[in-house]
Amino acid sequence: MITVRGLTKFFGDTPVLNGIDLDIEQGEIIVVIGPSGTGKSTLLRCINMLESPDQGHITLGGHHVDFDRVSNDDRLALRRKTAFVFQNYALFANKNALENVAERLIVVDGWPKAKAHARAGELLDRVGLNDKHTAYPAALSGGQQQRVGIARAMAANSDLILFDEPTSALDPEWVDEVLSVMKQLARERQTMLVVTHEMQFARDVADRVIFMSGGNIVEQGPPEALFSAPKDPRTRSFLRKVLGPQAASSE
Amino acid sequence: MQILDFGYMAELFPYLLGKLPITLGMASAGMLCALVLASGLAIVRVVQPPLVNGAAKLFISFFRGTPLLVQLFLFYYGLPQLIESLVKIDGVTATILGLTLHFSAYMAESIRAAIVGIDRSQTEAALSIGMTQSQLMRRIVLPQATRIAVPTLMNYFIDMIKSTSLAFTLGVTELMGATQKEASSSFLYFEAFLTVAVIYWVVVELLSRLQKLMERKLNKAYQR
């Protein structure tokens, strides 16, 4: 189980996260929704230590980190126990698909190159990129790049994969192929924390939906409950905006 | 009346070609040392460790701010006065030293710019999979920065080859020095300096071709 307590982050004087508490069960699929600028991405980036939280602590895969005194080892440990899927894919531009996925296995886990490439090949096949092993990112479509990005995250065998708006930068035609790879991962009970605006995905796949606003978790619960009977007015207003008036009230 | 003594030029040409190895040798040695030094300086300027950063800035400022000829004289004539063991510093060594320090100051800035120009997302992706700073530098950032820096660095190499001609002021008989000696004994100045100009020109042209080939190879991964 993953425990986050009192996670606080400021950008300058502006609070972005106001002491977030979050428990994640192994195999749980959590979707985070909310208006933009409410700290959803920052929450993910703090768990992966791409941002340095100002306060709080986290327990993940038996490793406890107190953000009041973070060592370099803590940073590496948190990053190595989690994986991150970026909105803009962020594939290594100087490496082909296979090398992108194998990179972590070689550099961080110390696998021999041949073994890492074999494993990377399997993962690329699983995300439907059987014929793109040696293609460089520049030659791949957005949807294909993001699937490589997911395969790269899978390679880590992480306790938790963080998805930061994985389909927001995609042309509509590529969204489904990425979501279907994520659904497949969810069926395999890979623990996932997903920030997305894809409400249908949240309904279909999430065990729990978290609504964030103003750097706080306002409301959370199973998708049926949260979507059909939101308790907080902020949740109601947000859902009305993204789903249209009928969808949020009826059902 | 004949305008140019072509016979003399044809005689001079193979003799001067024989001096090309000294010229290219000094330039290549200078380039290799400058690349190493410049990469170090560039990384210091990017990471900005407090004390070293100040020293790197001062170094770059001095060697960019003074003429190469002044620096060469400083090393060749000046240093031996200061440090006894350097009494026997020869012209070739002084030239290589001068080229290294002078050009590394310029190259550090273009390597730094190339490193800074790599999209932040590349660094974040490398951090997210648990790479250390030095791993991500070595495996992700520097290879990509190389591609951006190569055209400028090749330009500096070309400039460096031409700058070796200053070594003649330190008594080195490289291309320029040899031409100078020949010209002052034959009095055929125009022929002699035209011949050496053509040699420099052809060498630089060949290097430009090489640069195009390198760029094409380096760009392969980035083509759609």
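Letters go in sequence order (proteins before strands), and every chain restarts at 1. All heavy atoms count here, side chains included; hydrogens, waters and symmetry mates do not.
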Worksheet entry | Proximity breakdown for N48(A) and chain B, heavy-atom pairs closer than 4.5 Å | side chain
Fill in: E124(B) versus chain A, the contacting section by heavy-atom distance below 4.5 Å
both
Worksheet item: Rounded to the nearest 0.5 Å, how far apart are OG of S128(B) and CZ of R104(A)?
Response: 9.0 Å
Fill in: Approximate separation, where rounding is to 0.5 Å, of R79(A) CZ and L127(B) CG
4.5 Å
Practice prompt. Identify which of A126(B), S121(B), A125(B) forms the greatest number of heavy-atom pairs closer than 4.5 Å to chain A.
Written response: A125(B)
Discussion item. Tell me whether Q81(B) at atom CD has more than 12 heavy atoms from other residues, nucleotides or ligands lying less than 6.0 Å away.
Written reply: no
Worksheet item: Just wondering, are more than 12 heavy atoms of other shown residues or ligands nearer than 6.0 Å to CG in L51(B)?
Response: no
Worksheet entry | Minimum side-chain heavy-atom gap Y222(B)-N94(A) below 4.5 Å | yes
Fill in: Residue list, side chain to side chain donor-acceptor pair (under 3.5 Å) with E103(A), at least two apart or on another chain
R139(B)
Discussion item. Please report the interatomic distance CZ(R120(B)) to CG(N88(A)), rounded to the nearest 0.5 Å.
Written reply: 12.0 Å
Item to complete: Side chain from CB out, backbone as N, CA, C, O: work out which of these in F92(A) comes under 4.5 Å of a heavy atom of chain B, or both, or neither.
Response: both
Practice prompt. For K113(A), look at atom NZ and say whether over 12 heavy atoms of other residues, nucleotides or ligands are found less than 6.0 Å away.
Written response: no
Discussion item. If I measure from the heavy atoms of chain B, does T82(A) come under 4.5 Å with its side chain, its backbone, both, or neither?
Written reply: backbone
Fill in: Portion of V107(A) that has a non-hydrogen atom of chain B nearer than 4.5 angstrom
both
Item to complete: Measure distances from A93(A) to the heavy atoms of chain B and classify the residue's part below 4.5 Å as side chain, backbone, both or neither.
Response: both
Item to complete: Assess whether atom CD of Q26(A) is packed by more than 12 heavy atoms of other residues, nucleotides or ligands within 6.0 Å.
Response: no
Worksheet item: Taking all non-hydrogen atoms of both residues, which atom of A138(A) and which atom of A221(B) are closest, and how far apart?
Response: CB-O, 4.1 Å
Worksheet item: Which region of R75(A), side chain (C-beta onward) or backbone (N, CA, C, O), has a non-hydrogen atom less than 4.5 Å from a non-hydrogen atom of chain B, or is it both or neither?
Response: neither
Item to complete: Can you measure from CG (L91(A)) to CD (Q122(B)) and round to the nearest 0.5 angstrom?
Response: 8.0 Å
Worksheet, complete the sentence: Rounding to 0.5 Å, atoms NZ (K95(A)) and CD1 (I140(B)) come to a distance of 5.0 Å
